[in-house]
Number of protein chains: 2
Amino acid sequence: MARGSADFRYFVLSLLVKRAMSGYDIRRFLKNLGWLLGNPSFGMIYPALHALLQDDLVAVEVVPHPSRPARKIYTITEAGKQALQEWIAQPPPSSIGMRAFIMHLILVGGSTRVGLVAHLQQRREVAAAQHLALEQAVEELGEQVSLGEHMAIEYSSTIASAELAWLEDKLAQLSMGSETDPSEKLTKGGSSK
Amino acid sequence: MARGSADFRYFVLSLLVKRAMSGYDIRRFLKNLGWLLGNPSFGMIYPALHALLQDDLVAVEVVPHPSRPARKIYTITEAGKQALQEWIAQPPPSSIGMRAFIMHLILVGGSTRVGLVAHLQQRREVAAAQHLALEQAVEELGEQVSLGEHMAIEYSSTIASAELAWLEDKLAQLSMGSETDPSEKLTKGGSSK
DNA sequence: ACGCACATGTAATCAGTTACATGATTCT
DNA sequence: AGAATCATGTAACTGATTACATGTGCGT
């Protein structure tokens with residue numbers, strides 16, 4: 001059975017924490033927040049929902065409709081909430097891409113601050129390594145590269161630098177924040193018990 | 001028959017312009033220049049080569065070896081050179097990803113300056129649109145987003161800004177260069193940070 | 001009349017990675 | 001002895017998009 005990627009499955013699950021939704025609702029929601037993830041299609045959403053249902057992480061309520069196909073409202077179960085917490089707690093693989101990183105960021109950001117810091121730190125390691133590799137490439141290849149290659153390196157390097165800088169900045173902010181105000185709550189809408 | 005993506009196929013073809021290579025050579029080459037494209041595997045390289053051969057864009061010379069499998073040295077044909085030129089000349093689809101953009105950048109950067117400028121301009125349009133969408137998302141969602149969502153937007157926005165800034169910068173440099181010194185050859189990188 | 005929003009789902013297709021299959025040579 | 005390099009290729013699997021199938025109701 002097609003289950004899609006675990007990342008996306010848990011991302012969908014996290015949406016159901018806030019409110020119960022149908023597959024169509026989810027697609028609309030993601031379309032509106034289309035600044036990232038570029039509107040995932042039904043081909044991803046429905047299989048993900050079916051897989052979650054099979055694992056008993058969600059429950060369905062079928063709301064029939066005279067003319068249209070019945071709406072299927074998915075609600076997260078207790079097992080689902082627990083599984084989500086565990087998923088968030090475990091560190092993401094370091095080989096993660098930008099898109100997956102963003103999804104994890106949203107997930108973890110709704111939960112604990114410690115988790116968020118760990119998440120950002122790990123990403124910083126990866127970004128730093130990438131940046132270093134790029135810098136070395138520039139040095140090693142030096143003058144003997146074509147204009148196109150030179151541009152490609154510069155382009156990649158610029159983006160990697162920006163990413164790294166942001167991560168450093170955020171981590172500094174977070175550590176400062178927790179020093180000056182360690183009591184600050186961040187559980188917002190997330191029912192972490 | 002599995003042919004892989006056209007982008008990658010033409011990228012491989014462009015490598016053969018500089019010198020004839022075997023599949024193994026190409027993999028090694030890409031591994032060394034691993035700062036982008038994260039070492040493509042044989043599963044992509046060999047099918048691409050076979051497809052190019054089938055289209056008569058490359059020719060093979062089989063160099064037998066007593067103990068090992070015969071090396072197959074691929075050379076670009078005249079038809080291949082022409083097809084490559086045509087491929088470079090046509091503007092890339094605007095929905096292109098970062099990885100594909102980098103490949104195109106390398107390809108086009110080895111060719112004409114006009115093509116390069118057009119390429120960068122088109123990318124700028126896309127990046128500008130993305131950046132705008134992100135800015136609007138920040139405004140619209142404003143205060144009511146979770147910490148994770150806020151961070152995700154900020155992260156994406158930071159990277160988009162950096163990309164856009166670099167593109168603007170490069171385009172300015174290129175137009176300046178062509179105004180003040182229109183005779184400048186572009187076989188070697190002239191401008192850098 | 002035409003298309004869009006609603007609402008579900010499957011299947012085909014594409015892109016890309018990883019594992020498998022084979023086998024000699026050279027380095028540690 | 002065991003791993004890495006050289007050298008080719010195929011097949012299986014995962015991830016994601018697009019197209020297909022089905023049908024009503026509402027606005028222009």
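Residue numbers start from 1 in every chain, and the chains themselves are labelled A, B, ... in the order their sequence lines are given, proteins ahead of strands. Remember, predicted model here, so these are calculated numbers, not experimental data.
When distances are taken from the side chain of B/Ser67 to each of C/dA24, D/dA16, D/dT24, the shortest belongs to C/dA24. Side-chain proximity of A/Lys72 to C/dT17, C/dT8, D/dT17: nearest is C/dT8. Picking from C/dG9, D/dA16, C/dC6 the nucleotide with the shortest atom distance to the side chain of A/Arg68 gives C/dC6. Distances were taken from every side-chain heavy atom of A/Tyr24 (C-beta onward) to each of C/dA5, D/dA16, C/dT25; the shortest belongs to C/dA5. Which of D/dG9, C/dT10, D/dC6 sits closest to the side chain of A/His50 comes down to C/dT10. Distances from the side chain of A/Met44 to the nucleotides D/dA16, D/dG23, D/dT8 place D/dA16 closest. Nearest to the side-chain atoms of A/Pro69 among the listed nucleotides D/dG15, C/dA7, D/dG25 stands C/dA7. Comparing D/dT17, C/dA24, D/dT8 by their closest approach to the side chain of B/Phe42 singles out D/dT8.
No donor-acceptor pair closer than 3.5 Å links the side chain of A/Ser22 to the backbone N or O of A/Ile73. With hydrogens and angles ignored, the 3.5 Å screen pairs a side-chain donor or acceptor of B/Ser14 with a backbone N or O of B/Phe11.
Using a 4.0 Å heavy-atom criterion, one finds that B/Ala70 contacts the sugar-phosphate atoms exclusively.
The CG atom of B/Leu49 sits 8 Å away from the P atom of D/dG9 (whole-angstrom rounding). Rounded to whole Å, the distance from CZ on A/Phe8 to P on D/dG15 is 13 Å. Going from atom CZ of A/Arg27 over to atom C1' of C/dT8 covers 12 Å, rounded to whole Å. As rounded to whole Å, 14 Å separates atom P of D/dT10 from atom CD1 of B/Ile45. Atom pair A/Arg3:CZ and D/dT14:P shows a separation of 11 Å (rounding to whole Å applied). Protein atom CZ of A/Arg9 is 12 Å distant from nucleotide atom C1' of D/dG15, rounded to whole Å. Spacing between atom CZ of B/Arg71 and atom P of C/dG23 amounts to 21 Å, rounded to whole angstrom units. Rounded to whole angstrom, the span from the NE2 atom of B/His65 across to the C1' atom of C/dT22 amounts to 16 Å.
Donor-acceptor pairing under 3.5 Å is lacking for the side chains of B/Gln122 and B/Ser94.
Results of the salt bridge (Lys or Arg N to Asp or Glu O under 4.0 Å) test with B/Asp25 over B/Lys18, B/Arg71, B/Lys72, B/Arg19 single out B/Arg71 as the only residue that passes.
Nearer the 5' end of DNA chain D, as judged by each residue's closest nucleotide, is the contact made by B/Ile73, out of A/Ala6 and B/Ile73.
Distances shorter than 4.0 Å separate some side-chain N or O of B/Arg28 from OP1 or OP2 on D/dC6. Phosphate proximity of C/dA7 to A/Ser22: absent, as no side-chain N or O sits under 4.0 Å from OP1 or OP2. In this model, the phosphate group of C/dG16 is not approached by any side-chain N or O of B/Ser41 to a distance below 4.0 Å at OP1 or OP2. Proximity of A/Tyr46 to the phosphate of C/dG9: no side-chain N or O atom is located under 4.0 Å from OP1 or OP2.
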B/Tyr10 vs B/His104, ring pair (Phe, Tyr, Trp, His ring centres under 6.0 Å): CA-CA, chis, key distance, verdict = CA-CA 9 Å; B/Tyr10 279 96; B/His104 279 251; 9.3 Å; no
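Within a 6.0 Å radius of CD in B/Gln121, other residues, nucleotides and ligands contribute more than 12 heavy atoms.
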